[in-house]
Amino acid sequence: MARVRLMVRRQGDDDGLMSEVSHTVVVNAHGALIALAMSVQSGERLVIKHWGSGETQECCVVGLRQAQASKNEVAIEFTKPSPRFWHIDFPPADWQLLQD
């Protein structure tokens with residue numbers, strides 16, 4: 001779990017460019033779970049901007065869940081591999097816990 005501040009942008013059909021300041025709930029090397037008030041649909045493309053580094057990354061909405069009255073939890077996946085986007089070191093795929 002990591003709370004990273006983001007700017008989330010999308011191109012709306014009727015209302016033009018929309019953006020929202022948000023944050024992550026969970027991050028991983030392939031994307032994140034973010035809290036959003038704006039309405040999005042599964043398969044929709046978004047651009048996120050990491051508030052701390054200023055880096056941007058295009059992503060795709062892969063899941064939606066209503067979490068609170070004002071925000072939804074939105075699962076996003078990067079459209080291009082970007083394991084360093086969050087500036088967090090994730091364990092390698094072959095990482096194993098040591099037995100006591």
Handout entry: Nearest non-hydrogen partners of Cys60 and Gly43, listed with the distance
Key = SG-O, 3.6 Å
Exercise for the section: Taking side-chain hydrogen bond (donor to acceptor under 3.5 Å, both in side chains) as the test, write out the residues that go with Glu58, two or more places apart. Expected result: Arg45
Problem - Joint hydrophobic cluster, Val61 plus Val47, side-chain heavy atoms closer than 4.5 Å - result: no
Exercise for the section: Check whether any side-chain heavy atom of Val21 sits under 4.5 Å from a side-chain heavy atom of Trp51, and report yes or no. Expected result: yes
Completion exercise
Sorted by chain and number, sequence neighbours left out, side-chain hydrogen bond (donor to acceptor under 3.5 Å, both in side chains) with Glu20 holds for none
Handout entry: CD on Glu55 to NZ on Lys49, rounded to 0.5 Å
Key = 11.0 Å
Problem - Result of checking Leu46, Thr24, Thr56 against Leu6 for side chain to side chain contact (heavy atoms under 4.5 Å, CB included) - result: Thr24
Exercise for the section: Looking only at non-hydrogen atoms, find the nearest pair between Glu77 and Val62 and report the distance. Expected result: CB-CG1, 3.9 Å
Problem - Min side-chain heavy-atom separation Gln57-His50 under 4.5 Å - result: no
Practice task
Determine the minimum heavy-atom distance between Cys59 and Ile48, stating which atoms define it.
Solution key: SG-CG2, 4.0 Å
Could you list the donor-acceptor pairs under 3.5 angstrom formed by side chains in residues 29-42, with sequence neighbours left out?
none

Practice task
For residues Asn28 and Phe78, report the shortest heavy-atom separation together with the two atoms involved.
Solution key: O-CE1, 4.5 Å
